[in-house]
Amino acid sequence: MHINGIMFQYFEWFLQDDGSLWKKLKDDAQHLKEIGVTSVWLPPPTKGTGSNDVGYGAYDLYDLGEFDQKGTVRTKYGTKQELHEAIDALHEIGIAVYADVVINHKGGGDELQTFTVVEVNPDDRNEIISEPFEIESYTSFTFPGRDNKYSDFKWSWEHFSATDYNHRDPKDAIYVIEGENKGVDPEDRSVGQQFGNFDFLLYNDIDFKHPDVREELKRWISWFIKETGIDGFRLDAIKHISDWFIKEFIEHVRGEFGDQYYIVGEYSYYDDMDMDPFLQNVEHRIDLFDVALHYHFRICSLDGPGYDMSTIFDDTIVAKYPQLAVTYVNNHDSHLHDDDLYVLDWFKPLAYALILLRKDGYPCIFFGDYYGIEGPDAREGQQWIIDQLLDIRRDFAYGDQEDYFDHESIVGWIRRGDENNPDGCVVVMSNDEAGEKRIFVGTDYAGSAWYDKLGHIEDDIIVEEDGHANFPVNEGSVSVYLKRV
Ligand code: CA
């Protein structure tokens with residue numbers, strides 16, 4: 001369903017807590033259609049720990065901005081009614097809607113409970129550093145504001161595997177919960193293996209080994225899909241979720257909503273990560289955000305000329321699993337911390353050309369790159385350049401692709417076009433000084449003139465008798481050449 005699709009991540013971390021996003025999205029639907037967007041990724045529409053929660057502090061998955069809970073009826077993005085209106089507006093013009101789904105953990109519990117834990121070493125969660133002892137923590141979720149509507153399931157400590165809060169001793173620590181079929185398991189390979197076992201991320205970590213949990217989460221996703229009419233979802237934090245449950249969850253959803261139901265996962269890692277075992281365990285049935293390519297963009301944007309552009313696609317998801325890759329430049333997480341993963345502004349035109357004008361990958365445009373980022377480290381959006389690249393993608397980026405990733409700083413490729421768009425386009429970029437790339441356009445094109453649609457290079461390029469031409473590019477820049485008609 002995403003052949004030549006374009007996803008748009010319609011949020012960034014530092015949006016104002018004013019409940020206006022669903023209205024903004026509804027009003028923006030027609031514009032998104034015009035620039036070629038085929039799907040929109042919504043932030044978690046579920047109630048978090050407060051109205052200012054970005055959505056990843058999942059409190060009540062059945063509260064889409066409907067109930068007075070955590071001090072607010074609306075979520076950060078608006079009311080349930082406004083959510084419905086935004087989804088309807090997108091559906092009316094044929095844009096698919098994907099929602100962010102947070103099932104790894106729950107925050108904002110309603111009542112304290114007392115239960116037995118062991119403390120583990122945060123750097124090696126298989127190492128127990130205490131005797132079993134009792135803690136008090138907010139693991140009881142009764143959802144008083146919802147009063148059993150949609151589900152009467154109440155979460156309790158037995159439904160969680162670990163937590164980071166002890167009411168009797170509010171220090172930083174990770175507590176693994178003890179009990180039947182619970183506790184530290186050094187043999188567990190179903191989650192990321194960083195820190196020994198990366199099951200726990202934050203808040204109260206959901207225990208998928210508990211049968212009532214699995215049943216409730218499957219019941220919830222069925223309700224959620226029917227209630228919202230969403231066409232797919234992004235599964236948050238899958239590195240921290242047992243892969244056998246991800247497989248079970250996917251099978252449940254596709255069994256009910258069809259084999260093509262769209263699911264993409266966020267498996268965050270940096271480099272040297274082998275995704276084969278995970279993908280085998282989930283039978284290659286989930287798309288993945290191309291974290292490796294994003295990381296390469298980040299390093300190149302930092303290092304500039306020091307980065308070898310010929311390696312930018314090495315070991316990326318899009319190179320290894322082109323059918324499963326969602327390629328992106330930045331996302332809501334990219335600019336949160338000092339050691340952040342933000343792809344710097346100068347490199348964004350190059351990075352967006354690398355995801356929008358190539359054959360493989362399902363590209364995702366980040367709200368913050370397009371409209372800008374608010375908050376302490378505000379940035380301007382780059383709507384103009386992204387719009388230009390989207391126009392080129394729509395009209396010219398078709399057909400066979402020949403790569404010229406044969407130089408450490410100046411790389412390029414040609415798209416040869418197809419029946420409906422016969423001339424294709426030539427892309428050349430440099431992360432270092434200005435230069436040119438000699439590219440074979442075709443002897444049929446001898447004498448034809450090509451111009452830089454992005455306007456960086458002023459002179460036309462004339463294809464030589466042998467079908468080649470030297471396509472120039474400026475320092476730290478990208479040019480996209482189209483045939484003059
Ligand atoms: Ca977990």
Side-chain angles (χ1 to χ4, degrees), residues 44 46 48-49 53-61 100-109 115 117-128 135 137-139 141 153 155-166 172-218 220-221 233-250 252 263-269 273 275 277-278 281-282 286 288-289 291 333:
T46 42
T49 56
D53 195 307
V54 175
Y56 298 103
Y59 165 69
D60 185 0
L61 299 180
D100 213 313
V101 162
V102 183
I103 60 168
N104 174 65
H105 52 263
K106 293 182 86 65
F115 50 92
V117 299
V118 288
E119 188 179 344
V120 297
N121 178 354
D123 297 322
D124 177 5
R125 282 87 180 280
N126 290 322
E127 185 191 342
I128 298 170
I135 66 168
S137 194
Y138 284 99
T139 47
F141 290 75
F153 190 85
W155 293 77
S156 173
W157 67 268
E158 302 97 312
H159 303 126
F160 300 107
S161 55
T163 188
D164 60 357
Y165 180 73
N166 178 9
D172 285 338
I174 299 174
Y175 307 104
V176 172
I177 300 172
E178 299 265 273
E180 187 188 341
N181 202 23
K182 305 179 91 68
V184 172
D185 177 9
E187 304 303 313
D188 182 14
R189 297 286 178 274
S190 69
V191 292
Q193 298 293 297
Q194 286 155 292
F195 310 116
N197 177 312
F198 213 172
D199 192 1
F200 179 83
L201 177 62
L202 77 174
Y203 293 115
N204 302 300
D205 195 54
I206 289 177
D207 186 355
F208 303 102
K209 294 194 301 299
H210 199 299
D212 295 351
V213 164
R214 296 200 298 276
E215 187 186 338
E216 169 61 10
L217 288 174
K218 288 188 278 190
W220 170 73
I221 192 70
F233 57 86
R234 168 202 185 261
L235 199 51
D236 180 57
I238 59 175
K239 180 167 63 178
H240 312 282
I241 298 174
S242 296
D243 53 18
W244 49 260
F245 180 70
I246 293 171
K247 178 168 172 281
E248 185 177 326
F249 199 64
I250 293 169
H252 168 79
I263 304 170
V264 57
E266 181 230 14
Y267 199 109
S268 60
Y269 64 100
M273 177 79 200
M275 294 303 294
F278 170 80
N281 290 346
V282 299
I286 187 168
L288 291 175
F289 285 99
V291 179
D333 280 333

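Whatever order the structure lists them in is the order used to number ligands and atoms, beginning at 1. Please read these numbers as outputs of a predicted model, since none were measured by experiment.
The distance between the ring centers of Phe208 and Trp244 does not fall below 6.0 angstrom. No close placement of the Tyr56 and Tyr203 rings is indicated, their centers lying 6.0 Å or farther apart.
Judged purely by atom type and a 3.5 angstrom limit, Arg234 has no side-chain atom pairing as donor or acceptor with the backbone of Val101. Asp124 contributes no side-chain N or O that, together with a main-chain N or O of Gly196, makes up a donor-acceptor pair within less than 3.5 Å.
In terms of heavy-atom proximity, Val120 sits nearest to Val184 at CG1-CG2, 3.7 Å.
Only protein N, O or S atoms were considered, and those under 3.0 Å from the Ca ion (ligand 1) are Asn104 OD1, Asp199 O, Asp199 OD1, Asp205 OD1, Asp205 OD2, His240 O.
Between Lys182 and Asp207, at least one side-chain N (NZ, or NE/NH1/NH2) sits under 4.0 Å from a carboxylate O, which counts as a salt bridge.
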